[in-house]
Engineer: 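Here it is: the structure, laid out below.
Since the structure is predicted, the reported quantities are computational estimates derived from the model, not experimental observations.
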Amino acid sequence: MKRFETRAVHAGEQRWANRNGESGESFCPMSTPIHPSTTFAHENIEQTDRVLGGEEPGYSYARYGNPTVTAFEEAISALEGGGRAFAFASGMSAMHAALMAAEIGNGATVLAAEQLYGSTATLLVQIFGASGAETRFVDACDLEAVERKVEELRPRAVVIETISNPLLRVTDVPRVAEIARAAGSTLIVDATFGTPYLQRPLELGADVVVHSATKYLSGHGDLTAGLVVANAPYDAALDQIRKLVGGVMGPFEAWLALRGLKTLPLRMGRQCENAREVSSRLAAHPKVGQVYYPGAKDHPDNEIARRVLAGAGGLVSFELAVDDPERGRETAFRFLNALKMCTRAPSLGDIYTLAIHPATASHRELSPSRRERLGVKENLIRVSLGIEHPDDVIEDIEQALEKV
Ligand code: PLP
C-alpha cells in the first residue's frame with residue numbers, strides 16, 4: 001500500500017478516459033468531475049434493472065449514490081486504512097446514522113464521554129432519549145470509571161472522542177476499545193479533532209468512526225459534511241439508513257472536500273507545528289495562566305497522546321491571567337476583540353487561525369455549574385491553528401494580550 005501522503009493525493013480519483021463524441025478524441029480529466037445529476041440513465045432498461053438490483057455496479061438515483069461522492073468516500077476509506085466510508089450532509093447527520101447503525105433505540109443504553117461535543121450529547125439525550133434510549137455519561141479519561149460503568153450498564157454503545165473540546169483531553173482509544181469489546185458494546189469514536197493523519201481508530205479496536213468533514217478533512221471552512229467509516233455488520237445498516245433518512249452529501253461539497261483532502265498531511269503537519277510553537281510561547285507569557293496542549297509535559301494526557309496519536313493536534317486552549325475571577329469573561333472578550341489576524345469564529349481545522357470563547361460558544365447551552373465541573377472557565381480561550389506562519393500568529397496573539 002502507498003504511504004499516507006500519497007494516498008491523500010491519489011485515492012478515490014476517477015480518472016476515467018472520456019471520448020469527445022464529434023472529434024472522437026479521448027481525454028482524461030485529472031480532477032474527478034462533479035456529477036450534479038439527480039438520475040443516471042443506462043444503455044437499456046435491463047441494465048437499469050441490474051443496477052437497481054445491485055447485480056451490476058453503477059448509479060441510478062442521487063440519494064442512493066453519486067460518483068463524485070463515491071470518490072471522496074474511497075479516498076477517506078484509503079486514509080482510514082480500511083472500512084467502508086459513508087458521506088453525509090453534516091457531522092451531526094453522520095453521528096445520527098452511526099447511532100442508528102449501532103441500534104440505539106428503545107431499551108438501549110449508551111455510555112457517553114462527558115467531554116462529548118455538546119450537540120452529540122443533546123442528540124443522544126433528546127432525540128434518542130425520546131425514542132426510549134438512555135444515555136449515561138462518564139469521564140472518558142478515567143479508565144477505571146469507564147470500566148466500572150461498562151460492567152454495570154453493559155451498554156449497547158460507548159461513544160467517545162479522540163481529543164475533547166476545549167481542554168483537549170486525549171482518550172485512550174485502544175484501552176476503551178478493549179473494555180467495550182469485553183462487554184459486547186459497539187465503540188463509536190468521533191475522530192474529528194484527530195483525523196486519520198493523527199489516529200485511525202478502526203486500527204485501534206473501534207467499531208465505528210465518525211468525522212465532521214466540515215473541519216480538518218476538507219480544511220478550508222467552505223463546506224459542511226460528515227462521514228461514518230465502518231466494517232461489517234455496520235456497513236449494510238449505514239447504507240440502508242442513508243438511503244432512507246437521506247442526509248446525503250452533495251456532489252459539489254464532495255468535490256471541494258476531495259480537493260481539500262489532498263493537502264490534509266501538509267495542513268495538519270503545519271497546524272500541529274503551529275500549535276506546538278504557540279503553546280510554548282503562551283506558557284511563558286505573564287498574561288497567560290494555564291495552557292492546555294496535549295503535547296506539553298504538564299498536560300494530564302501527554303503520555304496517552306504520545307502513545308495513541310501521531311502528533312499532538314492543531315489546537316491550543318489557555319486561560320488568561322486574571323486577578324478577579326468575576327472579570328474572566330470581560331478579559332476574554334477584550335482579548336478576542338483585540339485580535340487582528342486570527343479570526344473570532346467558531347469551528348476549527350481551517351487553514352485560518354480561529355479563536356473562540358468556549359463558555360459563550362461551544363459550551364453556551366450548559367449551566368454555569370456544569371461548565372465549571374468540565375473546567376470551562378470564563379477566562380478560557382480556544383485557538384484552532386491555521387497554516388499561517390507561526391510568528392505572525394504569535395505576534396497577533398501577543399499584541400492582543402498587551403491590550404488585556
Ligand atoms: N463532532 C465534533 C467533535 C464537532 O466539533 C462537531 C462540530 O463542531 C461535530 C461533530 C458536528 O459537525 P457538523 O457541524 O459538521 O455537523
Side-chain angles (χ1 to χ4, degrees), residues 91-92 95-96 98-194 199 201 204-210 292 294 299-305 307-309 313 317 358 362-363 365-377:
M92 289 315 299
M95 180 54 86
H96 176 263
L99 292 165
M100 295 288 290
E103 299 182 359
I104 305 308
N106 197 10
T109 304
V110 177
L111 184 64
E114 65 182 11
Q115 294 91 349
L116 277 192
Y117 174 59
S119 296
T120 306
T122 310
L123 171 72
L124 279 163
V125 172
Q126 287 187 8
I127 307 293
F128 285 90
S131 51
E134 189 192 1
T135 298
R136 303 277 291 272
F137 291 93
V138 67
D139 176 357
C141 298
D142 180 347
L143 286 175
E144 281 177 18
V146 173
E147 198 157 12
R148 252 194 333 271
K149 288 270 187 192
V150 167
E151 273 173 19
E152 175 200 328
L153 303 168
R154 314 296 286 188
R156 189 157 301 164
V158 175
V159 186
I160 56 172
E161 287 173 8
T162 310
I163 304 175
S164 76
N165 181 38
L167 300 189
L168 312 178
R169 297 299 308 266
V170 181
T171 313
D172 192 337
V173 176
R175 195 62 202 99
V176 176
E178 276 172 31
I179 297 170
R181 178 146 305 167
S185 309
T186 300
L187 178 62
I188 301 177
V189 179
D190 181 332
T192 300
F193 280 39
Q199 184 186 71
L204 302 178
D207 298 295
V208 181
V209 175
V210 176
Y292 301 89
H299 188 281
D301 307 320
N302 181 247
E303 180 276 322
I304 299 175
R307 187 158 45 79
V308 306
L309 298 172
S317 295
S362 55
H363 290 64
E365 304 303 327
L366 303 188
S367 65
S369 62
R370 186 149 157 71
R371 274 203 295 270
E372 198 175 311
R373 214 165 70 72
L374 291 175
V376 181
K377 296 187 186 157

Engineer: Can you run down the side chain to side chain donor-acceptor pair (under 3.5 Å) pairs that involve residues 135-151, sequence neighbours left out, and say none if there aren't any?
Structural biologist: Gln115-Asp139
Engineer: Please give me the minimum heavy-atom distance between Ala191 and Thr162, naming the atom from each residue.
Structural biologist: CA-OG1, 3.3 Å
Engineer: Quick one: closest heavy-atom pair of Val308 and Gln199, and the distance?
Structural biologist: O-NE2, 3.1 Å
Engineer: Would you be so kind as to tabulate the donor-acceptor pairs closer than 3.5 Å made by side chains of residues 170-180, with sequence neighbours excluded?
Structural biologist:
from	atom 1	to	atom 2	distance (Å)
Thr171	OG1	Glu161	O	2.6
Asp172	OD1	Arg175	N	3.4
Asp172	OD1	Arg307	NH1	3.4
Asp172	OD2	Arg307	NH1	3.4
Asp172	OD2	Arg307	NH2	2.9
Arg175	NH1	Glu178	OE1	2.7

Engineer: Atom OH in Tyr117, atom CG in Leu123: separation rounded to 0.5 Å?
Structural biologist: 11.0 Å
Engineer: Is there side-chain contact between Pro155 and Val150, with at least one heavy-atom pair below 4.5 Å?
Structural biologist: yes
Engineer: Can you tell me if Glu372 has over 12 outside heavy atoms packed within less than 6.0 Å of its CD?
Structural biologist: no
Engineer: Strictly distance-based, threshold 3.5 Å: is any side-chain N or O of Ser317 a donor or acceptor partner for the main-chain N or O of Tyr292?
Structural biologist: no
Engineer: Is the backbone N or O of Leu168 less than 3.5 Å from a side-chain atom of His299, with the two atoms forming a donor-acceptor pair by type?
Structural biologist: yes
Engineer: Looking at side-chain heavy atoms only, is the closest gap between Arg156 and Ile104 below 4.5 Å?
Structural biologist: yes
Engineer: Looking only at heavy atoms, which two atoms of Pro166 and His363 are closest? And how far apart?
Structural biologist: CD-CE1, 3.5 Å
Engineer: Ala113 and Ala140: which non-hydrogen atoms are nearest, and at how many Å?
Structural biologist: CB-CB, 3.5 Å
Engineer: Measure the spacing between CD1 of Ile163 and CZ of Arg169 and express it to the nearest 0.5 Å.
Structural biologist: 12.5 Å
Engineer: Is the side chain of Arg371 donor-acceptor paired with the backbone N or O of Val376 at a distance under 3.5 Å, no angle test?
Structural biologist: no
Engineer: Assess whether atom CD of Glu152 is packed by more than 12 heavy atoms of other residues, nucleotides or ligands within 6.0 Å.
Structural biologist: yes
Engineer: Nearest 0.5 Å, what's the CD-SG distance between Glu114 and Cys141?
Structural biologist: 9.0 Å
Engineer: How long is the gap from OG1 on Thr120 to CD1 on Ile160, to the nearest 0.5 Å?
Structural biologist: 13.0 Å
Engineer: For Val125 and Phe137, what are the C-alpha separation, side-chain angles and deciding distance, and is it a side chain to side chain contact (heavy atoms under 4.5 Å, CB included)?
Structural biologist: CA-CA 10 Å; Val125 172; Phe137 291 93; 3.9 Å; yes
Engineer: Got Val110 and Phe128 here, is their nearest side-chain heavy-atom distance under 4.5 Å?
Structural biologist: no
Engineer: Contact between Leu99 and Ile188 at the side-chain level, heavy atoms closer than 4.5 Å - yes or no?
Structural biologist: yes
Engineer: Which atoms form the tightest heavy-atom contact between Ser185 and Asp207, and what is the distance?
Structural biologist: O-OD2, 3.8 Å
Engineer: If you look at every heavy atom in Leu374 and Leu167, which pair is closest and at what distance?
Structural biologist: O-CD1, 3.3 Å
Engineer: Do Leu116 and Leu124 pass the side chain to side chain contact (heavy atoms under 4.5 Å, CB included) test, and can you show the C-alpha distance, the side-chain angles, and the key distance before you say yes or no?
Structural biologist: CA-CA 11 Å; Leu116 277 192; Leu124 279 163; 4.1 Å; yes
